[in-house]
Chemist: 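Sharing a structure with you now.
Numbered from 1 within each chain, the chains take letters A, B, ... in sequence-line order.
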2 protein chains.
Amino acid sequence: MKGKIFIIEDETSIIQLVQHNLEKEGFVVSSSTNGNDGLKELKKFEPNLLLLDWMLPDLSGIDVCKSLRRDKNFKNLPIIMLTAKGEEEDKVKGLESGVDDYITKPFGFNELMARIKALLRRSDPKTVSDDLIFEDLKLDRTEKRVFRDNNEIHLGPTEFRLLEFFLLNPKRVFSRDQILESVWPNNINVESRTIDVHIRRLRQSINLSGKKELVRTVRSAGYSLS
Amino acid sequence: MKGKIFIIEDETSIIQLVQHNLEKEGFVVSSSTNGNDGLKELKKFEPNLLLLDWMLPDLSGIDVCKSLRRDKNFKNLPIIMLTAKGEEEDKVKGLESGVDDYITKPFGFNELMARIKALLRRSDPKTVSDDLIFEDLKLDRTEKRVFRDNNEIHLGPTEFRLLEFFLLNPKRVFSRDQILESVWPNNINVESRTIDVHIRRLRQSINLSGKKELVRTVRSAGYSLS
DNA sequence: TTAGTTTGTAACAATTCTGTAACATTAAAA
DNA sequence: TTTTAATGTTACAGAATTGTTACAAACTAA
């Protein structure tokens with residue numbers, strides 16, 4: 001899980017709890033305790049999702065939301081509103097102002113997490129899946145599948161790990177030694193030329209006629225995904 | 001990643017932690033534990049970014065910031081303020097005094113790094129890449145690519161190292177011996193005239209018709225990038 | 001087991017790079 | 001000007017690097 005989440009919430013205890021848990025899940029988190037500052041900082045932070053309290057000391061969550069929806073850069077920012085029980089009846093107001101989802105305090109972290117994932121999956125899939133994507137090449141780490149231009153490609157285990165490795169650091173050039181260390185199981189010894197052969201096999205597999213070459217040779221330095 | 005970062009923060013444990021991590025990322029770091037010394041040393045150090053604690057033994061972070069903004073050399077220095085929890089309400093004050101971003105203690109290093117990168121990318125893009133640039137010539141060390149006027153150029157390994165060497169010290173004149181020592185692998189012996197040939201190859205490659213010559217010959221002294 | 005895959009290596013081919021020598025040109029010195 | 005030293009230019013052979021293929025051994029799934 002990756003991506004940035006901003007929180008606008010006046011109770012610092014809630015912020016701490018949520019922030020800590022989200023960071024454990026791999027998100028980068030920033031927060032503010034009132035509406036006006038929150039708006040300013042959020043725009044700098046450029047989050048993938050906003051957790052927004054309904055009741056704030058200055059603006060209401062609704063105001064914050066409306067203001068964001070007027071800004072073309074944040075028209076589509078996923079927003080989850082945190083509401084105390086008594087505010088539930090006003091959900092309609094919130095929906096009209098452009099909120100994407102609600103959660104009622106007190107809430108469990110699991111529920112919050114589930115809603116965040118669900119929302120991100122809809123609006124910004126790359127932040128929830130651990131698919132690795134480079135141009136029209138996609139590697140699904142959970143299902144161990146690879147696609148080029150939506151056509152599934154079969155790779156042997158070694159080619160799969162090799163491609164995975166390149167996709168984790170696209171464009172960067174790796175020496176054969178670095179590749180050996182990262183892609184081959186530890187304390188196994190293979191000739192450095194073996195890599196060339198696997199590169200060739202990988203190239204052959206992910207090559208679609210008419211499409212450009214994705215694996216670049218950098219003479220006397222190594223290979224990279226370009 | 002390169003560039004210089006200055007830290008003004010009274011807790012030496014935080015300085016140590018942050019400094020160590022930033023240096024691992026490739027930054028040059030210097031620091032001070034109070035406002036007055038900090039201001040003096042900072043001006044000598046000429047950092048690309050300042051991490052500034054809000055609470056200091058003498059001046060407050062706000063004072064430091066205001067003072068810097070009055071100095072024309074530091075009017076645009078990117079500043080990230082480190083605030084403890086209780087100070088959060090005063091964020092507006094900070095924004096007004098000219099701080100660019102905030103981070104609330106305790107913070108994770110990843111978040112700090114993300115904010116530093118984001119801020120530098122906006123204000124001083126060349127510090128986040130390790131590209132070497134001279135006029136319209138760009139050498140990307142990570143991808144091992146060279147561009148003249150945005151057109152990619154292919155260089156052989158030796159020409160690449162040669163250009164990299166010149167770009168690290170533009171305008172300086174190097175003797176053939178110096179070039180040999182720095183660009184050729186150790187304990188290899190080549191005629192000094194060999195350099196002339198590689199210079200010729202480099203010139204030919206990076207030469208765009210109509211553009212001026214970038215490699216200057218200094219008779220009886222050597223070559224330089226001009 | 002068997003049939004099919006995958007893996008590492010060797011051998012050879014193709015390509016690119018490198019250093020040097022030889023000759024041409026230029027700039028400084030006499 | 002002539003002479004001399006330094007640098008520019010070119011061509012080329014052999015070195016070094018990478019691409020390609022085939023094959024036997026190891027491994028896997030049925």
Chemist: Taking Glu159(A) as the fixed residue, which of His198(A), Glu164(A), Arg203(A), His154(A) is the one that meets the side chain to side chain contact (heavy atoms under 4.5 Å, CB included) rule?
Modeler: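 Exactly one candidate clears the test, His198(A).
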Chemist: Are Tyr223(B) and Phe166(B) an aromatic pair, judged by ring center distance below 6.0 Å?
Modeler: no
Chemist: Give, for atom CG of Leu139(A) and atom CD1 of Ile133(A), the distance between the pair rounded to the nearest 0.5 Å.
Modeler: 10.0 Å
Chemist: Take the protein atom CG of Asn189(B) and the nucleotide atom C1' of dT18(C), then report the distance between them rounded to whole Å.
Modeler: 15 Å
Chemist: Within the sub-3.5 Å range, which N or O atoms of nucleotides 25-30 of chain C have a protein N or O partner, and how far apart are they?
Modeler:
residue, atom, partner, partner atom, Å
dT26(C), O2, Arg219(B), NH2, 3.1
dA27(C), O4', Arg219(B), NE, 3.4
dA27(C), O4', Arg219(B), NH2, 3.4

Chemist: For the pair Arg148(B) and Asp136(B), find out whether any cationic side-chain nitrogen is under 4.0 Å from an anionic carboxylate oxygen.
Modeler: yes
Chemist: In whole angstrom, give the distance that lies between atom CD1 of Ile188(A) and atom C1' of dC27(D).
Modeler: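 Taking CD1 of Ile188(A) and C1' of dC27(D), I get 13 Å after rounding.
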Chemist: On DNA chain D, does the nearest nucleotide to Arg176(B) precede the nearest nucleotide to Gln204(B) from the 5' side, or the other way round? Give the residue.
Modeler: Arg176(B)
Chemist: What does the list of N/O pairs under 3.5 Å between the protein and nucleotides 22-24 of chain D look like, with a distance for each?
Modeler:
none

Chemist: Are Arg176(A) and Asp196(A) within salt-bridge range, i.e. N to O under 4.0 Å?
Modeler: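 Salt bridge: yes.
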Chemist: Could you go over nucleotides 4-6 of chain C and give all protein N or O partners under 3.5 Å, atom names and distances?
Modeler:
residue, atom, partner, partner atom, Å
dT6(C), OP1, His154(A), NE2, 2.7

Chemist: With Arg216(B), which residues qualify under side-chain contact (heavy atoms from CB on, under 4.5 Å), at least two apart?
Modeler: Val173(B), Val218(B), Ser224(B), Ser226(B)
Chemist: CG/Leu202(B) to CD1/Ile195(B) distance, rounded to the nearest 0.5 angstrom?
Modeler: 12.5 Å
Chemist: Please determine whether a side-chain nitrogen or oxygen atom of Thr217(A) lies at a distance below 4.0 Å from atom OP1 or OP2 of dT18(D).
Modeler: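 Answer no for this pair, as no side-chain N or O of Thr217(A) is under 4.0 Å from OP1 or OP2.
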Chemist: Side chain of Glu191(A), heavy atoms from C-beta onward: which of dT7(D), dA10(C), dT20(C) has the nearest atom to it?
Modeler: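 Closest nucleotide to the Glu191(A) side chain: dA10(C).
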Chemist: Mind calculating the distance between CZ (Arg216(B)) and P (dG8(D)) to the nearest angstrom?
Modeler: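 Rounded to whole Å, this separation is 12 Å.
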Chemist: Taking the side chain as everything from C-beta on, heavy atoms only, tell me whether Ile179(A) gets closer than 4.5 Å to Phe165(A).
Modeler: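 Ile179(A) vs Phe165(A): side chains touch.
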Chemist: Could you tell me how far apart Leu202(A) (CG) and dT20(D) (C1') are, to the nearest whole angstrom?
Modeler: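 Result: 16 Å.
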Chemist: Once rounded to the nearest 0.5 Å, what's the spacing between atom CD of Glu9(B) and atom CD1 of Ile15(B)?
Modeler: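 Going from the CD atom of Glu9(B) to the CD1 atom of Ile15(B) covers 6.0 Å.
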Chemist: Who are the side-chain contact (heavy atoms from CB on, under 4.5 Å) partners of Ser30(B), not counting sequence neighbours?
Modeler: Phe6(B), Phe45(B)
Chemist: To the nearest Å, give me how far apart CG (Leu180(B)) and P (dT20(C)) are.
Modeler: 10 Å
Chemist: Do the charged groups of Arg145(B) and Glu152(B) touch, with an N to O distance under 4.0 Å?
Modeler: yes
Chemist: Just how far, in rounded Å, is P of dG19(C) from CG of Leu162(B)?
Modeler: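 Those two atoms, CG and P, are 11 Å apart.
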Chemist: Between the protein and nucleotides 1-4 of chain D, which nitrogen or oxygen pairs come in under 3.5 angstrom?
Modeler:
none

Chemist: Between His198(B) (NE2) and dT9(D) (C1'), how many Å, whole number?
Modeler: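 Result: 14 Å.
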Chemist: Would one find a side-chain N or O of Trp184(B) under 4.0 angstrom from OP1 or OP2 of dG19(C)?
Modeler: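 So the side-chain polar atoms of Trp184(B) do come within 4.0 Å of the phosphate oxygens OP1 or OP2 of dG19(C), strictly under.
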Chemist: Describe the nucleic acid contact of Thr194(A) in one word from base, sugar-phosphate, nothing, applying a heavy-atom distance below 4.0 Å.
Modeler: base
Chemist: Would Lys117(A) and Asp101(A) pass as an ion pair if we require N to O under 4.0 Å?
Modeler: no
Chemist: Could you tell me how far apart Tyr223(A) (OH) and dT18(D) (P) are, to the nearest whole angstrom?
Modeler: 6 Å
Chemist: What is the distance from atom CG of Asn151(A) to atom NZ of Lys138(A), rounded to the nearest 0.5 Å?
Modeler: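 With rounding to 0.5 Å, CG (Asn151(A)) is 11.5 Å from NZ (Lys138(A)).
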Chemist: Considering just the side-chain nitrogens and oxygens of Arg203(A), establish if one lies under 4.0 Å of OP1 or OP2 belonging to dT20(D).
Modeler: no
Chemist: Under 4.0 Å between a Lys/Arg side-chain N and an Asp/Glu carboxylate O for Arg193(A) and Glu191(A)?
Modeler: no
